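Note that the structure is a prediction, hence the values are computed from the model and not measured.
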Amino acid sequence: MGVKWNIKRKDTQFQAFVKKVIMSHLFKIIMISTISMNAFFMVLWTDYKTRYNLFRLFEVSELIFVSIYSSEFCMKLYVDPISYWKDGYNLLDVVIIIIIFIPYSLRKIKGKHYPYLNIADGVQSLRILKLITYSRGIRTLITAMGQTAYTVASVLILFFVLMYIFAILGFCLFGLPEGGDMNNWGNLALAFFTLFSLATVDGWTDLQEQLDARNLILSRSFTIIFILLASFVFLSMFVGVMIIHTEDSIKKFERELMLERRMNLMEEKQVILKRQQEEVSKLMQTQKDLDHKSFTELVEKFKKTLRHTDPMVLDDFGTSLPFIDIYLSTLDNQDATIYKLQELYYEIVHVLSLMLEDLPQKKQSKSSEKVDEK
């Protein structure tokens, strides 16, 4: 039996504040700008002359970048120390943080002339992967690639089987010591590499010319058949699988955006209605608190102060001046509310119409699946 720890935090208000900061649009813009600037400075750092002239600038900017990345890590970990480690993108950020501190550790422990220090500096290019956390589009593509892993693995296995068959066949036909092409077909490893070049159609004419120079039988038929199978069948199948799953993920991403937009519209509608209700309540409260008397009492009191030459206010409740003032201001607020609600309803109808367009496609796909099952 697992032990559950029910620990209540005492800093809930500050935790909510930090979470609000992390989830804000401004924080995302700052992080994206920081990552982009860091990538730009790394491009400048690759030029030795620029690195020498702007050495101090690179040092200061590196301290700023590392401080921002570390602060982001601490803020996210502070908000939710347990769930933070359950997110794969957060784990990617942790790996990048570790990679950032590797060169500093090696310089302190091994010194500046450590032979593998250049590798540690080279892997700093992985910092740009932090953009994945702040880009839903990139995450959608990664999700699509993950969904295609099983299908792609099957295609690659079939492709490997094809290359294995043709590698053995090519070695037996063209890898003979006497009159064979030992540079390209002399052993199984060279045959695999040559077939990979043929599959990518990279320099296949040069390879074929070397076979033609040795008057090897069936060389052209061998090359044409393998290119047709490998390049035009298996590679096209691989690309097609990726495109299909990517399109499905993009459609799912668009539907999620429409649902989020709809929820935002509904929340905005509720906020407007609540604000208008509060304004009307304030007006009614003002009426009640006005000398702690109703409109009828105010009218009667006002009538007693009138002279015979003054205009007489009618006894009708609707003719009282305070009521007319409140009523007209309420109508103005009501008109503004109706106008905003109309805009929201138009947006909701537009979102629903886009969602309904996907329903026939889903029904057709389900009907086609039923037909296939029959």
Side-chain angles (χ1 to χ4, degrees), residues 39-40 42-51 115-129 131-132 137-138 141-142 144-250:
F40 177 72
M42 291 191 69
V43 172
L44 296 178
W45 178 82
T46 56
D47 184 70
Y48 288 99
K49 186 176 181 181
T50 306
R51 190 194 309 181
Y116 299 106
L117 188 61
N118 57 341
I119 299 177
D121 292 333
V123 297
Q124 298 303 310
S125 59
L126 297 177
R127 297 182 185 185
I128 199 171
L129 294 179
L131 285 175
I132 298 176
I138 298 177
L141 293 177
I142 293 175
M145 294 176 62
Q147 293 174 351
T148 61
Y150 179 77
T151 307
V152 170
S154 301
V155 175
L156 291 178
I157 291 173
L158 287 175
F159 183 67
F160 175 80
V161 171
L162 177 70
M163 290 188 65
Y164 174 80
I165 294 172
F166 275 81
I168 298 295
L169 184 60
F171 171 76
C172 295
L173 293 176
F174 315 127
L176 299 176
E178 299 178 357
D181 187 1
M182 299 298 295
N183 295 327
N184 297 316
W185 304 94
N187 54 52
L188 196 60
L190 291 175
F192 264 102
F193 185 79
T194 303
L195 289 175
F196 184 79
S197 300
L198 292 176
T200 57
V201 199
D202 182 21
W204 71 274
T205 55
D206 297 333
L207 295 172
Q208 184 59 41
E209 287 178 357
Q210 296 180 19
L211 295 176
D212 291 339
R214 293 174 173 81
N215 295 322
L216 294 173
I217 304 174
L218 301 177
S219 62
R220 294 191 176 185
S221 300
F222 177 89
T223 302
I224 292 173
I225 293 173
F226 179 78
I227 290 176
L228 287 175
L229 291 175
S231 180
F232 295 103
V233 176
F234 280 94
L235 294 183
S236 299
M237 187 186 303
F238 176 82
V239 174
V241 168
M242 293 296 296
I243 291 175
I244 291 172
H245 286 273
T246 303
E247 288 180 351
D248 293 339
S249 298
I250 291 175

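Side-chain atoms of Asp121 and Asn118 include no donor-acceptor pair closer than 3.5 Å. Using modelled atom types and a 3.5 Å distance limit, the side chains of Gln210 and Asp206 yield no donor-acceptor pair.
The CG atom of Leu198 sits 8.5 Å away from the CD atom of Gln208 when rounded to the nearest 0.5 Å. The CE atom of Met163 lies 12.0 Å from the CD1 atom of Ile168; values are rounded to the nearest 0.5 Å. Atom CZ of Arg214 and atom CD of Glu209 lie 12.0 Å apart (nearest 0.5 Å). Between the CD1 atom in Ile157 and the CG atom in Leu162 there is a gap of 14.0 Å [rounded to 0.5 Å]. The CZ atom of Phe171 sits 13.5 Å away from the CG atom of Asn184 when rounded to the nearest 0.5 Å. The line from CG of Leu131 to CG of Leu129 is 8.5 Å long, rounded to the nearest 0.5 Å.
Of all heavy-atom pairs spanning Ala230 and Ala199, the tightest one is CB-CB, 3.9 Å. For the pair Ala167 and Leu195, the tightest heavy-atom approach, listed with the atom from each and the gap, is N-CD1, 3.3 Å. Pairing each heavy atom of Met42 with each of Arg127, the nearest pair is SD-CD, 4.5 Å.
Residues meeting the side-chain hydrogen bond (donor to acceptor under 3.5 Å, both in side chains) test with Asp47, sequence neighbours left out: Thr50. With sequence neighbours left out, Phe159 forms a ring pair (Phe, Tyr, Trp, His ring centres under 6.0 Å) with no residue at all. Considering only residues two or more places apart in sequence or on other chains, Tyr116 meets the ring pair (Phe, Tyr, Trp, His ring centres under 6.0 Å) condition with Tyr114.
Using a 4.5 Å heavy-atom cutoff, the side chains of Phe226 and Phe166 are in contact. Between Phe174 and Ser219 the shortest side-chain heavy-atom distance falls below 4.5 Å. The shortest side-chain heavy-atom distance between Trp185 and Leu211 falls under the 4.5 Å cut-off. Looking only at side-chain heavy atoms (C-beta outward), Arg220 and Asp212 come within less than 4.5 Å of each other. Proximity of Asn183 to Leu190: side-chain heavy atoms (C-beta onward) are nowhere separated by under 4.5 Å. For the pair Ile132 and Ile138, the minimum side-chain heavy-atom distance is below 4.5 Å.
Within a 6.0 Å radius of CG in Leu126, other residues, nucleotides and ligands contribute more than 12 heavy atoms.
Taking the six-membered ring for Trp and thresholds of 30 and 60 degrees, Phe192 and Tyr164 have ring planes inclined between 30 and 60 degrees apart.
Side-chain atoms of Ser125 come within 3.5 Å of backbone atoms of Gly122 as a donor-acceptor pair (strictly under, hydrogens ignored).
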